[in-house]
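Nothing fancy with the numbering, it's 1 onward along the sequence. Remember, it's 1-based here, ligands and their atoms both numbered in the order they're listed. The analysis underlying the following values was restricted to heavy atoms, covering all of them including side chains, and did not include hydrogens, waters or symmetry mates.
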Amino acid sequence: MSILISGASIAGLAAAQRLSARGAEVTVVERAPGLRRNGAPIDVRGEALDVAADMGIRDTLAAHETGAAQRSAFTHIVDENGEKVGALPTELPQDSADDLEIFRNDLIDILHGSVGPDVTFVYGDSIQELTDTGEAVEVGFTSGRAGRYELVVGADGIHSHTRRLVFGPEERYRRHLGVYYGILSLPAELDVDGEAYLYSVPGRSVILSGYGERTNGGFTFLSPEITYDYHDIEQQRQLVFDAYSSVRGWKVAEMLDALKQSEDFYLDSTSQVHMDRWSRGRVVLLGDAAFAPSFYSGQGTPLAMIGADVLATEWATCDGDLDLAFARYEEAMRPRVHRAQKGVPEARDRVNPPTWEAIEARNQQWPPVR
Ligand SMILES: Cc1cc2nc3c(=O)[nH]c(=O)nc-3n(C[C@H](O)[C@H](O)[C@H](O)COP(=O)(O)OP(=O)(O)OC[C@H]3O[C@@H](n4cnc5c(N)ncnc54)[C@H](O)[C@@H]3O)c2cc1C
């Protein structure tokens with residue numbers, strides 16, 4: 001069976017590996033000119049570690065651990081002078097001692113490296129239109145190419161184009177949780193001794209996390225939905241400059257300077273995706289496109305990997321009955337997605353108190369650890 005996957009990130013790469021290992025002829029189309037290797041470290045946890053073991057990459061992932069396990073299990077909250085005024089527990093309830101934190105670029109490279117040579121990657125292209133004839137899906141690409149596939153997997157993220165084409169407008173499914181977050185790598189001068197720090201003013205928080213040689217920074221800001229071009233990095237940089245125009249204190253000025261130069265800046269809305277169904281005919285959605293739990297859940301990557309594995313297993317055992325495969329995929333994944341999505345508002349509110357009073361109340365609830 002020939003399968004087209006849209007998106008070469010966590011969900012798309014994991015699906016390519018899992019489906020091709022079970023005999024599918026896979027093509028992956030990615031809109032960007034190459035793999036998108038930026039982003040902060042992310043966790044591979046729980047059942048996703050078993051999936052990694054089945055994919056033969058668990059030991060490689062472990063060898064690329066960020067070393068964050070050695071740091072204290074708290075994010076220190078600091079005031080404008082860098083004094084510790086609180087400490088948020090970093091661990092999530094689902095964590096186990098085996099969980100791995102890994103730089104997103106390493107995870108992307110390792111997943112990509114696990115995909116066999118028989119998978120075809122097409123970069124700088126995207127599905128423009130698709131028609132499900134019942135027998136197959138006829139696909140027209142923006143490059144002008146055309147293809148015919150027996151199955152299309154939309155693994156193209158929270159702003160999924162596949163979802164838009166098959167299920168309708170993004171507003172129906174994506175729920176903006178009121179916060180934007182931007183992530184970037186920072187220069188060595190902003191080293192924070194391998195620890196993680198958070199500095200908040202009303203509605204805005206910056207985060208610095210140290211990993212030996214590397215430091216990662218994050219800017220968050222409360223805002224209703226903003227209309228901007230998801231592909232225009234300069235416009236996204238400006239959103240942070242605007243949100244932080246009157247914010248100073250602690251290392252904010254240095255972080256804003258670093259943002260001007262940053263080559264790996266990534267910004268998005270903190271969103272969840274909620275859908276009544278994840279497939280229609282021969283098109284199925286996977287990962288954030290179908291069930292984004294949001295940045296604050298820490299579960300987007302594990303769910304994408306587990307979903308890829310479940311989908312591939314059900315596809316391989318459905319004897320050509322795709323409706324059955326998709327029904328089983330949803331049945332297996334929905335409880336996991338529900339668990340991941342439900343704890344998010346609390347995590348979001350801890351990081352982004354809207355007023356000085358709320359900041360003070362949070363800091364009192366989570367006193368400093370020195
Ligand atoms: C560059 C980047 C950086 C990220 N950094 C972080 C981070 O620091 N922390 C965090 O928690 N999460 C981050 N995420 C999100 C995280 O990867 C996902 O939440 C999670 O891993 C689920 O992955 P996914 O593959 O479903 O979606 P995503 O990782 O969002 O991947 C979607 C992929 O589809 C591609 N795509 C989009 N539109 C099209 C199209 N029309 N045609 C073809 N391809 C398309 C995108 O370029 C991307 O490669 C980041 C995502 C990206 C793309």
Side-chain angles (χ1 to χ4, degrees), residues 4-17 27-45 48 66 92 101-108 111-112 121-130 139-143 152-166 170 174 179 181-185 207 209 216-220 229-231 233 236 262-273 278 285-308 311 333 337 340-341 344 347:
L4 176 68
I5 299 174
S6 174
S9 179
I10 313 294
L13 293 171
Q17 202 276 355
T27 300
V28 182
V29 61
E30 164 62 49
R31 191 186 47 75
L35 291 173
R36 299 180 66 192
R37 300 175 66 259
N38 44 340
I42 39 190
D43 292 315
V44 181
R45 57 176 91 233
T66 58
L92 296 174
E101 189 186 54
I102 180 163
F103 284 105
R104 188 174 174 281
N105 63 317
D106 289 334
L107 179 56
I108 290 282
L111 285 172
H112 184 243
F121 283 87
V122 180
Y123 294 104
D125 205 356
S126 172
I127 298 174
Q128 184 164 41
E129 53 188 9
L130 44 78
V139 178
F141 295 89
T142 47
S143 61
V152 172
V153 180
D156 37 12
I158 57 171
H159 307 294
S160 171
H161 186 54
T162 313
R163 187 183 61 221
R164 199 174 303 122
L165 287 174
V166 177
E170 182 166 318
R174 186 173 65 80
V179 189
Y181 72 95
I183 293 166
L184 71 167
S185 305
I207 298 145
S209 308
N216 262 82
F219 292 94
T220 74
D229 181 351
Y230 302 126
H231 311 313
I233 300 294
Q236 294 168 34
S262 168
E263 287 176 4
D264 66 355
F265 174 60
Y266 169 80
L267 177 130
D268 215 326
S269 138
T270 302
S271 293
Q272 291 187 336
V273 171
W278 299 333
L285 301 177
L286 173 67
D288 279 1
F291 44 70
S294 99
F295 180 66
Y296 286 111
S297 72
Q299 297 290 336
T301 293
L303 281 181
M305 291 175 66
I306 298 162
L311 181 62
M333 289 305 294
V337 169
Q341 289 184 327
V344 162

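Considering all non-hydrogen atoms of both residues, D125 and S143 come closest at OD2-OG, 2.5 Å.
Between R31 and ligand 1, an N or O atom pair is found at a separation short of 3.5 Å.
Atoms of ligand 1 found under 4.0 Å from any heavy atom of I183, numbered from 1 in the order shown, are 7 (C), 8 (O). Below 4.0 Å from some heavy atom of T301 lie the following atoms of ligand 1, by number and element: 20 (C), 21 (O).
Side chain of E30 to main chain of A8: a donor-acceptor pair is present (N/O by atom type, distance under 3.5 Å, no hydrogens or angles).
The protein atom (non-hydrogen) at minimum distance from atom 27 (O) of ligand 1 is G157 CA, 3.7 Å. Atom 48 (C) of ligand 1 has as its closest protein heavy atom E30 OE1, 3.6 Å. For atom 18 (C) of ligand 1, the closest non-hydrogen atom on the protein side is D288 OD2, 3.1 Å. The single protein non-hydrogen atom nearest to atom 25 (O) of ligand 1 is A11 N, 2.9 Å, given as residue, atom name and distance.
Only the backbone of A155 comes within 4.0 Å of ligand 1, judged by heavy-atom distances. Under 4.0 Å from ligand 1, the heavy atoms of R104 that appear belong solely to its side chain.
H112 and F121 have perpendicular rings, their planes meeting at more than 60° on a 0 to 90° scale where under 30° would count as parallel.
No side-chain donor-acceptor contact under 3.5 Å links H161 and R31.
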